[in-house]
Protein chains: 2
Amino acid sequence: MPAPVNAPPDNSVAVQVHGRLRLALMRSRFRPGEKLTLRALGGELGVSATPIRAALARLVSEGALEQHDRRSVRVPVLSDARFREVVELRMDLEGKAAARAAERAAPRDISALEAIHAAMTAARLDGRTEAMMLENERFHITLCTLAGMPVLLRLVEGLWLQCGPLNAGLKSIRFLHGPEEHPHHDVIRALHRGDGALARLAIQRDISVYADALLRRLPAMDAARGTVDAV
Amino acid sequence: MPAPVNAPPDNSVAVQVHGRLRLALMRSRFRPGEKLTLRALGGELGVSATPIRAALARLVSEGALEQHDRRSVRVPVLSDARFREVVELRMDLEGKAAARAAERAAPRDISALEAIHAAMTAARLDGRTEAMMLENERFHITLCTLAGMPVLLRLVEGLWLQCGPLNAGLKSIRFLHGPEEHPHHDVIRALHRGDGALARLAIQRDISVYADALLRRLPAMDAARGTVDAV
DNA sequence: GCGCCTTATTTGTGATCACGTTTTCATCCA
DNA sequence: TGGATGAAAACGTGATCACAAATAAGGCGC
């Protein structure tokens with residue numbers, strides 16, 4: 001076919017590709033260090049190189065991909081130190097967002113947050129790990145939304161995208177704490193009380209214990225899936 | 001001409017355009033709310049639409065531009081609240097970077113910082129405001145580099161890009177404090193002593209007094225150059 | 001003189017092509 | 001058999017084209 005004939009149904013093809021690649025990145029569909037080529041992705045997704053180029057450019061700017069030299073974009077390797085840095089920044093930024101959210105959240109906002117955590121707990125009990133992690137992300141992002149700070153929200157989303165590839169791949173981090181003593185409950189309690197300092201501490205504890213558990217399992221994971229040894 | 005004939009001299013045309021647009025944004029060459037069109041920019045820069053598209057996509061992802069609906073990227077208006085938020089985040093993030101830099105900086109790093117501040121002071125005394133603000137940015141960015149936190153550095157660069165358009169347009173903010181009591185001196189002193197807490201406070205004070213002065217002059221500036229009233 | 005409908009221009013988008021560079025692979029000589 | 005060499009395939013890049021949607025312009029009826 002010589003040109004696009006039918007109307008774009010919902011959104012631009014480029015943003016669709018961007019979303020699909022973003023999701024694939026979050027789920028570790030690509031190995032760290034893997035080189036992404038335009039024609040291969042285009043053939044796989046059934047589109048030409050143009051929207052792929054746009055999507056890759058955006059992902060590079062968002063920090064989700066790296067371009068070592070020009071003419072090769074790669075999935076970042078996310079070293080140990082880099083992961084620690086992302087976690088530290090997340091604790092600062094999400095901590096601030098939680099504190100601000102506690103001072104602003106309306107009851108219905110808190111209810112929405114409780115619903116998300118309930119869905120996450122349900123997925124956890126059913127063993128649907130991937131759905132659980134998706135709901136976990138929704139919890140954190142929604143909390144940041146409640147802070148009413150759009151610039152901060154963008155920053156946090158970017159950090160999630162960067163450390164997203166690590167989250168997938170692990171299967172059972174489900175027994176860090178019992179369902180009743182999950183740090184999210186402390187966050188919700190703090191929101192109900194309007195206690196900003198408590199909300200900050202709670203979300204920071206949540207991030208911290210999760211990251212620590214991830215860091216302990218990280219060497220084993222690296223050994224399991226073969227990371228592409230870079231040039 | 002039907003196709004690119006000569007070899008790319010130094011860098012890709014797309015990144016050149018990206019840099020030029022980024023610089024133009026920093027210097028307020030575009031009015032807030034102005035719509036940027038592919039063909040117009042392409043004609044102005046003498047390139048086709050393709051590299052312009054890539055550059056605009058990157059700038060949108062970096063937060064330097066907004067796309068209200070699809071098929072129209074605009075220069076953000078940067079409301080009062082948004083500017084305050086960017087400043088608050090800069091204080092947090094650059095404060096952390098300064099503290100970390102104080103614990104890590106080698107003497108030659110501090111010397112480089114002093115040289116930048118000297119160049120900035122010279123530009124200030126000569127009345128070269130634009131050069132002064134450029135050196136000021138170099139000071140802040142270099143300080144963040146010294147923290148050895150690449151992710152944090154990216155975030156701060158993005159924040160500078162977002163509030164950059166405001167910095168230009170004002171001419172004489174030069175008399176906030178005498179040349180000897182500039183907050184940068186406190187930062188450098190703190191680096192020499194390896195005092196992280198002091199460095200954080202100093203850079204935060206620098207950001208704060210500058211932002212306050214800017215906020216006071218902001219309504220007058222908005223009245224002066226006509227902001228494009230959005231649709 | 002004013003509002004609505006039709007037409008013309010503009011704009012973003014995706015596909016395709018041409019070109020230069022890089023990488024890969026097969027061949028050949030020592 | 002091993003390492004250098006040549007050709008060929010692959011890749012990114014920028015220009016160009018065709019098309020759809022949106023905006024602007026123009027003309028008609030009232």
The side chain of [X] lies closest to which of these nucleotides: [options]?
X: A:Leu38; options: D:dA15, C:dT22, D:dT13; answer: D:dT13
X: A:Val13; options: C:dT13, C:dG14, C:dA15; answer: C:dG14
X: B:Pro51; options: D:dG14, C:dA15, D:dT13; answer: D:dG14

The reported gap from CZ in B:Arg22 to CZ in B:Arg58 (rounded to nearest 0.5 angstrom) is 9.0 Å
Length of the [atom1]-[atom2] vector between [X] and [N], whole Å:
X: A:Leu41; N: D:dG12; atom1: CG; atom2: P; value: 9 Å
X: A:Asp69; N: D:dG12; atom1: CG; atom2: P; value: 11 Å
X: B:Arg71; N: C:dG12; atom1: CZ; atom2: P; value: 9 Å
X: B:Lys35; N: C:dG12; atom1: NZ; atom2: P; value: 7 Å
X: A:His68; N: D:dC11; atom1: NE2; atom2: C1'; value: 18 Å
X: A:Arg74; N: D:dG12; atom1: CZ; atom2: C1'; value: 14 Å

With a 4.0 Å cut-off on heavy atoms, is [X] in touch with a base, just the backbone sugar-phosphate, or nothing at all?
X: A:Ala54; result: nothing
X: B:Leu56; result: nothing
X: B:Thr37; result: sugar-phosphate
X: A:Leu36; result: sugar-phosphate

How close do A:Val75 and A:Leu65 get, counting heavy atoms only, and between which atoms?
CA-CD2, 4.0 Å
Work out which heavy atom in B:Arg154 is nearest to a heavy atom in A:Gly63; give both atom names and the distance.
NH2-N, 4.0 Å
Has the side chain of B:Arg53 got a donor or acceptor that lies under 3.5 Å from a partner of the other kind on the base of C:dG12?
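By the distance-only test, no, there is no pair.
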Does C:dG14 have OP1 or OP2 under 4.0 Å away from a side-chain N or O of A:Ser12?
yes
Strictly below 4.0 Å: does B:Thr50 bring a side-chain N or O up to OP1 or OP2 of D:dG14?
no
Determine whether the side chains of B:His140 and B:Asp206 contain a donor N or O and an acceptor N or O closer than 3.5 Å.
yes
Thinking salt bridges, do B:Asp212 and B:Arg216 make one under a 4.0 Å N-O criterion?
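No, no charged N to carboxylate O under 4.0 Å.
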5' precedence on DNA chain D between B:Arg39 and B:Ser48 (nearest-nucleotide basis):
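Closer to the 5' end of DNA chain D: B:Ser48.
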